[in-house]
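Report on the following structure.
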Amino acid sequence: MNRTIGFVAALLSVLLSANFSHAQSGKPGVERLYILNCGEGVASDVSRWSPGVDEGKSMDFVDNCYLIKHAQGWMLWDTGIPDAVAAMPNGLAPADPKSIFWHRPKTLAAQLDQLGVKPSDIKAMAVSHTHPDHIGNVEMFPATMLYVQKAEYEWPGANGEPRFKPGHPVTRLEGDHDIFGDGSVIVLSTPGHTPGHQSLLVKLPHTGAVVLSGDAVHFKSNWDNRRVPSINFSKEQTLASMQKISETMTKEKAQFWINHDKPQRDSLKLSPEFYD
Ligand SMILES: [Zn+2]
């Protein structure tokens, strides 16, 4: 009996969400995805991310934000380093000299403006985790619902500071989450780099499925060799999350777009071009 009720409830919710997205624009699901330049940097010692490998070698990093146009509204994945860095002639020096020296060739605000998107148009926002190169512009969108793992939200910052402005609208997640209720944009819980790290599965109508890494891995050779940065919160969780991503990619026939991987990003189209 319970199973029958459960089945009917599940069927109803599928039908309702499908009707809802049709009603909005006549076309369900994700329409477009834009890759925005949210920073460019140089790491002076890349072995910080690949212990024992390439010690003392520098590596170029990029930092992306991803803007998704869904039939139900706009969504932003990650917010990059703060727009204020664009006005710093020498860029933003890292606290740890082995880490990344960031520049911001373009602001996030200017790239949204170029697309005719106002910050208030963005209905949903999710960040992979709370390191400064991912949350730098969260408060450009003070009314946008933020989707973040509870474990990340409650992870105490420096001096016990909250990770986000306490008044910001938030949905605290405990695991995977289907943002629009139609299976087209799914937050994947991928802890390890930080306690509540997450990645994003996006299903595009022509491009197909894409997994946006966050910092589950930082560049392709680390992915190929399953290397875990020494700075990560948990090595075991990081490896389990890489396995989960790999299984998701197989199941969904998904591409894997690694946020900080410059050679890969240079091979992809940047906004105002887009993927559909
Ligand atoms: Zn990062």
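Only this structure's heavy atoms are used, side chains among them; waters, hydrogens and symmetry mates stay out. In listed order, ligands and their atoms are each counted from 1.
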Point to revise | His134 atom NE2 and His260 atom NE2 as seen from the Zn ion (ligand 1), angle to 10 degrees | key: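 Vertex at the Zn ion (ligand 1): approximately 100°.
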Exercise for review: Identify, by name, the N, O or S atom of Asp133 lying closest to the Zn ion (ligand 1).
Suggested key: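 Sorting the N, O and S atoms of Asp133 by distance to the Zn ion (ligand 1) puts OD2 first.
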Practice item. Please name the atom of Asp215, restricted to N, O or S, that is closest to the Zn ion (ligand 1). Key: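 Atom name of the closest N, O or S in Asp215: OD2.
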Any chance the rings of [X] and [Y] have centres within less than 6.0 Å?
X      : Y      : answer
Phe256 : Trp223 : yes
Tyr153 : Phe164 : yes
His134 : His260 : yes

Review point. Has Arg265 got its NZ or CZ under 6.0 Å from the middle of the six-membered ring of Trp257, at an angle within 45 degrees of the ring axis?
Key: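 Here Arg265 fails the 6.0 Å and 45° test against Trp257.
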